[in-house]
Amino acid sequence: DEALLHIRKSQLITLHSQISPHMLGNSLDAIKWRMIEKHGYDDELESAIAGMSSFLEDSYEYSQIIIPLREEIEKTKYYADMMAYCFLRELKVEWIVMDEVLDYAIVSTSIQPFIENCIHHSFTSDEVEPKVSVRVSCDESLIYIEIQDNGSGISPDILVSIRENLRNEDYAHKHIGIKNVHLKLKLLFGKDFGVTEIQSDKNGTYVKITIPKILAPLE
């Protein structure tokens, strides 16, 4: 009913406002230190800052939380390029996206936290060339977003903690990015959606997000 819908909108806005400032703060801090290192701007830094500005343009109104997948992918590509410049110049991000998914709805900033986790936590050694693969595919009724890296993996105890965190309904106090994405997708699409799989070993980490096919609202 209308009261329940209002509550769900409020919850989505609250969760969205928690994750976005967290991400923006980390990203701007990375740019700041890179600027200090370089003693000023250059063309690459200007490109990195331009990428970050695309996130700053977002508002936290409900209408801006629900966006087409094409916009989410475009903004996440900007973010990945910026963070690769700041931290891992050799990072390769491979995007394999089915054209037919691009107009369907997703919660803004759903893919970015997983790219951030790869950069900050997965690549802890110089033994491999850092690579992240993002695959977006679909069947008749569902869309699958799969993120795979070739990093050093998540320790078993932390992996258990992440899975337990995803199973409860509380707001996140740790693993904030993963949990808030999961809660936002569940609020929008229902209890069967969100982060539906997470695996990790010494060869890397794999995350699967499942959402239904719902067309994004027109602007």
message: Could you work out, with side-chain contact (heavy atoms from CB on, under 4.5 Å) as the rule, every residue matching S141, not counting sequence neighbours?
response: D139

Any side-chain heavy-atom pair of [X] and [Y] under 4.5 Å:
{"X": "S110", "Y": "L185", "result": "yes"}
{"X": "P68", "Y": "Y104", "result": "no"}
{"X": "V181", "Y": "V107", "result": "no"}

query: Hey, mind stepping through E146 and S137 against side-chain contact (heavy atoms from CB on, under 4.5 Å) and telling me if it holds?
result: CA-CA 9 Å; E146 300 168 278; S137 60; 4.2 Å; yes

Could you tell me whether the side chain of [X] and the main chain of [Y] form a donor-acceptor pair under 3.5 Å?
{"X": "H182", "Y": "G194", "result": "no"}
{"X": "T76", "Y": "E72", "result": "yes"}
{"X": "S108", "Y": "I65", "result": "no"}
{"X": "Q148", "Y": "T205", "result": "yes"}

Could you tell me which non-hydrogen atom of [X] sits nearest to which non-hydrogen atom of [Y], and how far apart they are?
{"X": "F114", "Y": "I178", "value": "CE2-CG1, 3.8 Å"}
{"X": "S200", "Y": "G153", "value": "OG-CA, 3.2 Å"}
{"X": "D149", "Y": "C118", "value": "OD2-SG, 3.3 Å"}
{"X": "Y144", "Y": "C138", "value": "CD1-CA, 4.3 Å"}
{"X": "I111", "Y": "I73", "value": "CD1-CG1, 4.4 Å"}
{"X": "I115", "Y": "A80", "value": "CG2-CB, 4.2 Å"}

Are [X] and [Y] connected in the hydrophobic side-chain network, where two residues link if heavy atoms are under 4.5 Å apart?
{"X": "L102", "Y": "I96", "result": "no"}
{"X": "I147", "Y": "W95", "result": "yes"}
{"X": "Y206", "Y": "V132", "result": "no"}
{"X": "L69", "Y": "M98", "result": "yes"}

message: Between N150 and N203, does the side-chain contact (heavy atoms from CB on, under 4.5 Å) criterion hold? Intermediate values first, please.
response: CA-CA 6 Å; N150 64 339; N203 297 313; over 6 Å; no

field: I106: which of I145, I66, V136, I214 passes side chain to side chain contact (heavy atoms under 4.5 Å, CB included)
entry: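 By the side chain to side chain contact (heavy atoms under 4.5 Å, CB included) criterion, I106 pairs with just one of I145, I66, V136, I214: I145.
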
- request: Can you tell me which residue pairs pass the salt bridge (Lys or Arg N to Asp or Glu O under 4.0 Å) test with a partner in residues 190-214, sequence neighbours excluded?
  value: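 Residue pairs passing salt bridge (Lys or Arg N to Asp or Glu O under 4.0 Å), neighbours aside: none found.
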
- request: Sequence neighbours left out, what pairs pass salt bridge (Lys or Arg N to Asp or Glu O under 4.0 Å) with at least one residue falling in residues 94-115?
  value: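 Sorted result for residues 94-115: R70-D103, E94-K131.
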
message: Go through it in stages, so that I can follow the logic: the residues are Q112 and K75, the test is side-chain contact (heavy atoms from CB on, under 4.5 Å), and I'd like the CA-CA distance, side-chain angles, deciding distance and then a yes or no.
response: CA-CA 8 Å; Q112 175 275 328; K75 289 196 289 186; over 6 Å; no

Verdict with supporting geometry, V97 and R135, side-chain contact (heavy atoms from CB on, under 4.5 Å): CA-CA 6 Å; V97 181; R135 180 184 296 271; over 6 Å; no

field: Gap separating the CD1 atom of I211 from the CZ atom of F189, nearest 0.5 angstrom
entry: 4.5 Å

message: Can you tell me how far apart CD (E74) and CD1 (I67) are? Round to the nearest 0.5 Å.
response: 9.5 Å

